[in-house]
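Being a predicted model, the structure only gives us computed values, none of them experimental. Position 1 is the first residue of the sequence; numbering continues from there.
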Amino acid sequence: MKSHEPRSSSSCAACKFLKRRCTPNCIFAPYFRSDEPKKFAKVHKVFGASNVSKILMEVPEEQREDTVNSLAYEAEARLRDPVYGCIGAIALLQRKMVELQHELAIARARLSRYAAVASSSSTPSSLSSSTILDDRISIAPFPDAFSCNGLSYSFSQSPSDLSRYGPVNDFGQIPYVL
């Protein structure tokens with residue numbers, strides 16, 4: 001743990017930033033080293049030095065390093081996105097997850113539909129028009145493949161097709177708090 005490492009004679013980043021003398025029992029010294037001045041500056045700007053010292057005093061010593069890392073991450077996120085902070089990043093990732101779940105459900109629905117078409121047609125003429133991949137997998141041609149000239153893309157699925165592959169959560173609203 002950093003608190004047991006010997007310190008050099010220079011002040012910690014917090015004491016340098018606050019322009020005060022760094023004492024041997026400084027609460028900030030083990031977690032805000034002198035070579036990381038921006039880390040404390042960001043934490044101080046968002047939370048304030050007094051609040052950070054109160055938080056560190058309340059947290060057990062073995063959890064302080066994790067607490068400081070958490071504060072630094074939250075401060076960085078809050079400075080990047082002052083309104084939503086970390087919640088904005090979480091909401092963005094959840095929205096991306098919903099989009100990917102939706103795309104996966106569509107792909108599964110199409111795959112099952114094409115597999116059903118391929119298995120129902122067992123005539124040699126329909127199998128000869130199929131595309132063979134990797135000498136093991138035979139996929140029937142897409143009956144509703146998109147046309148290049150007409151720009152007609154057919155990707156829509158009914159809600160019943162999507163819901164049968166599991167729940168698709170709607171995390172589209174920002175911020176979504178669990």
Is the backbone N or O of Val83 less than 3.5 Å from a side-chain atom of Arg78, with the two atoms forming a donor-acceptor pair by type?
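Pair found, side chain donor or acceptor close to backbone of Val83.
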
Looking at Glu76 and Arg80, does any basic side-chain N land under 4.0 Å from a carboxylate oxygen?
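Yes, charged N to carboxylate O under 4.0 Å.
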
Can you find a pair of side-chain heavy atoms, one from [X] and one from [Y], that are under 4.5 Å apart?
| X | Y | result |
| --- | --- | --- |
| Tyr31 | Thr67 | no |
| Asn69 | Lys39 | yes |
| Ile27 | Met57 | yes |
| Ser53 | Phe28 | yes |

To the nearest 0.5 angstrom, please state how far the [atom1] atom of [X] sits from the [atom2] atom of [Y].
| X | Y | atom1 | atom2 | value |
| --- | --- | --- | --- | --- |
| Leu56 | Phe32 | CG | CZ | 6.5 Å |
| Glu58 | Arg64 | CD | CZ | 10.5 Å |
| Leu92 | Ile87 | CG | CD1 | 12.5 Å |
| Met97 | Ile90 | CE | CD1 | 11.5 Å |
| Gln101 | Ile106 | CD | CD1 | 12.0 Å |
| Arg20 | Cys26 | CZ | SG | 5.5 Å |

Do Val59 and Val52 belong together in a cluster built from hydrophobic side chains that touch within less than 4.5 Å?
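Yes, same cluster.
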
Please tell me whether Ile55 and Val46 are part of a single hydrophobic cluster in this structure, the criterion being side-chain heavy atoms less than 4.5 Å apart.
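Yes, because Ile55 and Val46 connect within a single hydrophobic cluster, where side-chain heavy atoms sit under 4.5 Å apart.
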
Nearest atoms (heavy-atom pairs only) where [X] meets [Y]:
| X | Y | value |
| --- | --- | --- |
| Ala49 | His44 | N-ND1, 3.1 Å |
| Cys86 | Ala77 | SG-CB, 3.7 Å |
| Cys12 | Ala29 | CB-CA, 3.6 Å |
| Pro37 | Ala13 | CA-CB, 3.8 Å |

Looking at Leu100, Val98, Leu93, which one forms a side chain to side chain contact (heavy atoms under 4.5 Å, CB included) with Lys96?
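It is Leu100, the one option of Leu100, Val98, Leu93 that forms the side chain to side chain contact (heavy atoms under 4.5 Å, CB included) with Lys96.
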
Mind checking ring-ring contact (aromatic ring centres under 6.0 Å, His included) for Phe47 and listing every partner two or more places apart, or none if nothing turns up?
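Residues passing ring-ring contact (aromatic ring centres under 6.0 Å, His included) with Phe47: none at all.
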
